[in-house]
Amino acid sequence: MSTLQIELPDGSVKDVASGSTAYDLAKGIGEGLARQSVAARLDGELIDINRPLPGSGKLELITQNAPEALEIVRHSCAHLMAQAVKSLYGRDVQVTIGPAIENGFYYDFYSDSKKFSPEDFEQIEKTMAELAKADQPITREEISREEAIALFREMGEDYKVELIEDLGEETVSLYRQGDFVDLCRGPHLPRTGLIKSFKLTSVAGAYWRGDEKNAMLQRLYATAFQNNKDLKSYLNRLEEARKRDHRKLGRELDLFSFNEEAGAGLVIWHPKGALLRTLIEDFERREHLKRGYDIVMGPQILKTELWQTSGHYDNYRENMYFTEVDEQSYGIKPMNCLAHMLIFKSKIRSYRDLPQRYFELGTVHRHEKSGVLHGLLRVRGFTQDDAHILCRPDQIDAEVKGVMAFVQDVAKIFGFEYCMELSTRPEKSIGSDEDWERATSALMSALKDSGQDFEVNEGDGAFYGPKIDVKLKDALDREWQCATIQCDFTLPERFDLNYVGADGEKHRPVMLHRVILGSIERFIGVLIEHYAGSFPLWLSPVQVVVLNVTDNQADYAQDVYQQLKTAGIRADIDLRNEKLGFKIREAQLGKVPYMLVIGDREMEESRVTPRFRNGKNLEPTSVADFISFVEEEVRHYR
RNA sequence: GCUCACAUAGCUCAGAUGGUAGAGCACAUCCUUGGUAAGGAUGAGGUCACCGGUUCAAAUCCGGUUGUGAGCUCCA
C-alpha cells in the first residue's frame, strides 16, 4: 500500500497509508482533537473528516468552533431538515437544493399537495432533533452519473435528476444519513449528532433556479449555530433589529406614512419627517456648492420624444409613467439627466468651461413591481441627490476621485460603514465596446487608487454605462445601494453634446451620473435604523423640549422657549397639566435629545436644567450658555 | 410581476364551530400643581380594507380588487 505525505500546520510531515482519513490522522495526534474535528482542509480545499484523503498535501483540521465549521454545520443542517421533511411527507414533497447562506441556510422543496406554513415548523424541528439525537453517520459515496440519475428517478426526485443531467460530470457524490440520500458536493459533518442548535425561521416562495419562468418552490429558511448561546444571541439580534425597523419607528416618531388611497410606494411626509428631510437637503445643497457644483432644476414631465432620444423609452419604458395632454405624450421623469443635458446644450461650451457639474434634488417616479416595495427603502416616487458631471475625457479620473472623496466625507459624518462594488456591462445595453471598455477602466483605476476594497459585479451595470456602487447596511444587515457613480459615453452621443477644444474643433464630453445619498427616502430609511430613531442633535426634528414642573413656571418656560426659537433651535414646549415624569417619558419616547426642566429653582436663578435622552442631567445653566452649547454641537454634526 | 400569508378603533391586539364587536395605549372633559420614563375619574371612537357571492343571518365561508408582510425576480 502506498503512502501519502501530509504536511501539518506546524510544518511537520506525516506519512499516512493511502485510504486514511483526516480523522485517522487527527486521532494519531490526539483523541480529543479527533472528536473536535468536523472537517479538514487539504491544500485549501475543504473535505470530509472521514473521507479517504485524495492525495498528499498540506492539511489543516477544522475543529467544531472554527469559523469555517459553521458553514459546514449549516449545510449539514440543511440536509437534516430535508431528511426530516422527507420522513414526514414522503413522496408528497420533492427535494431540490439547500445551501448555507449568510445567517443560516435554506432548503427549497417542490410539492403540489403540501403547503408549508409556520405551524409546521415545530413538527419539523422536533423530527430534526430526533434525527440529530440518533447520531446517524453521514457518509459520502461516489457513483456514476447514470447510476445517480436512475437512483433519483426511482425515488421520484425529478429536480435532482435535472440537476445531475445538467451537471455534466461523469461521477457525482452522494451523501447518506439513515435512509436519506442527497446529491451534494459536501463537505459535511461526520455525524448528525454534531448538529445541536437550529431553528426554522420562515417560509417563502422561490423560483426553481431563480428563474421566474420556472416552477415556484417552497423555501424553508432556518438557521443553525455551533451552540445554543450563539443561536440565542442571533435570535436576540433579529429581535433588536425588528425594534429599529424604520417602518415601525417612522410611525412611532410620526415621520411619514403610506396611504392605500394615495397609492403604494408613495411616501407621505409628516411635519417631523419633512423637517428631517429638509435638514438633509439643506446639508446637501451646502456640501455641493462647497464642491463646485451648480444647483439646477428640471421639469417633472418631458415629451416622450425626448425619452426616445435618450434611449429610456426603449430600455426603461416598463418602469415609466406616461401622461397625455393635447395629444402630446409626456413621460414623467424616472431620472434627472435629460434636463441637465439640455442645460449643457443651451449654449456653446469651451473646453475651458469643463467640467460642468449640475446638481439637482430631483424627484423621480418609477413603476417598481408591486412585490418589491418596502417601506422607504423601495418606493415609486423618490428624490435623488443627483448630479451630472460633463467633462473632458482627461478629467474623468479626477472627477471620479472627487466624487469618491465626497462619498467618504458624507459617510463619515453620518457614521456609516459601506462597501464598494464595480458593475460592468449588462446584456441589455447601448454603446460601443470601446466606450464600455474605456469607461470601465476609468472607474476601475479610480477605485484602485482610492485604496478601498471593492467587488466586481459582472454584467450588473446600467444600460448606458458601468458604475461604482456604494452600499450601506441596514439594521437587518441587508445592504442598500445609496451612492453610485456611473460613467456614460452614450447620452452625450445621443444628444450630440459637444464643446470647443483648444484646437478649435468640436469634441464630445463624457458624462458622469452620480448620487451621494442616492434616494433621500431610502437614505432616511437606512438612517432611521442606523440611529434606531435617536437622531443626532443636528438632525433631530425636535432638538429641545421645554418642560415646566408646575403651572407656576409657565411664563418663564415660555420665555425660555422663545429664546430658543429666536436662536433658530428646533424647540417644543410642553406646558400640559401633567406630572414631570409623564412629560419626560413622552419626550423620551419621542427621542428628543434635550429636555429643559424648569421648576421654581430654575426660575429663581434664571437657569434651566438640561436632561439628555440617555437619562443624564447636565448642570443647571443659563439659556444663553445652553444655546451656544447646542450651536457648537450642531456645527460639528453631532 | 410571481408564491404564500395577512387586513377588526389613531396604535398594539382579543373576538372556536356564521347570530351585526371588545381590551390596553392614545384622544376629550373633570379632579389633581405633582422635580426626572405612565396620578385618578368619566366619556367619545369601528358601515370589522373595498366590491360581489353563498345564507333566514357574514368581521367570521367563497371569489375578485386594493393594501401590507416574508421571500423570489428586478433596482436608488
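Labels below follow one simple rule: chain letters A, B, ... track the order of the sequence lines, proteins then strands, and each chain is numbered from 1.
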Looking at the base of B:rA76, is there any donor atom on it, or on the side chain of A:Gln486, that sits under 3.5 Å from an acceptor on the other one? no

Syn or anti: how is B:rG45 classified when any glycosidic angle within 90° of 0 counts as syn? syn

Is a side-chain donor or acceptor of A:Trp436 paired with a backbone partner of A:Pro466 at a separation under 3.5 angstrom? no

Minimum-distance nucleotide (side-chain atoms of A:Arg247 versus B:rU66, B:rC2, B:rA70): B:rA70

Within the 4.0 Å heavy-atom criterion, would you say A:Asp211 contacts the bases, only the backbone, or no part of the nucleic acid? nothing

Shortest side-chain distance from A:Tyr207, nucleotide among B:rC75, B:rU73, B:rC27: B:rU73

Is a side-chain donor or acceptor of A:Arg613 paired with a backbone partner of A:Lys591 at a separation under 3.5 angstrom? yes

Pairing of A:Asp574 and A:Arg576 as salt bridge, 4.0 angstrom limit: yes

Which part of the nucleic acid, if any, lies within contact of A:Arg611, taking any heavy atom under 4.0 Å across all strands shown: a base, the sugar-phosphate backbone alone, or nothing? base

Among B:rG39, B:rC74, B:rG35, which nucleotide has an atom closest to any side-chain atom of A:Asp600? B:rG35

Which part of the nucleic acid, if any, lies within reach of A:Glu602 when heavy atoms closer than 4.0 Å are counted: base, sugar-phosphate only, or nothing? base

Of the options B:rA76, B:rA70, B:rA37, whose atoms approach the side-chain atoms of A:His374 most closely? B:rA70

Of the listed B:rG35, B:rG1, B:rU33, the closest approach to the A:Thr550 side chain comes from B:rU33

Side chain of A:Leu580 - closest among B:rG35, B:rA38, B:rU73: B:rG35

P gap between B:rU20 and B:rG24, integer Å: 22 Å

Side chain of A:Ser370 - closest among B:rG1, B:rA37, B:rG39: B:rG1

Can you see if the side chain of A:Gln384 gets near the phosphate of B:rA76 - specifically, an N or O under 4.0 Å from OP1 or OP2? no

Going by ring centres under 5.5 Å and near-parallel planes (under 30°), is A:Phe382 stacked on B:rA76? yes

Please state whether the phosphate of B:rA76, meaning OP1 or OP2, lies under 4.0 angstrom from any side-chain nitrogen or oxygen of A:Arg380. no

Nearest 0.5 angstrom please: A:Arg611 CZ to A:Asn617 CG, how far? 6.5 Å

Please determine whether any donor N or O and acceptor N or O are separated by less than 3.5 Å between the side chain of A:Asn552 and the base of B:rU33. no

B:rA16 versus B:rA59 - spacing of their P atoms, nearest Å: 13 Å

Looking at B:rU36, B:rA37, B:rG1, which one has an atom nearest to any side-chain atom of A:Asn617? B:rU36

For A:Phe523 and B:rA76, what is the distance between atoms CZ and P respectively, to the nearest whole Å? 17 Å

In whole angstroms, how far is the C1' atom of B:rU3 from the OH atom of A:Tyr221? 12 Å

Nearest to the side chain of A:Arg522 - B:rA76, B:rG1, B:rG39? B:rA76

Residue A:Ile584, side-chain atoms from C-beta onward, closest of B:rC72, B:rU66, B:rA37: B:rA37

Salt bridge flag under 4.0 Å for residues A:Asp245 and A:Arg242: no

Does A:Lys467 make a side-chain N or O approach to OP1 or OP2 of B:rA76 shorter than 4.0 Å? yes

Where the side chain of A:Gln123 meets the backbone of A:Asp120, is there a donor-acceptor pair that is under 3.5 Å apart? no

Taking the same atom, P, in B:rG10 and in B:rC6, what whole-Å distance lies between them? 23 Å

Rounded to whole Å, how long is the line connecting atom CD1 of A:Ile97 with atom C1' of B:rG71? 14 Å

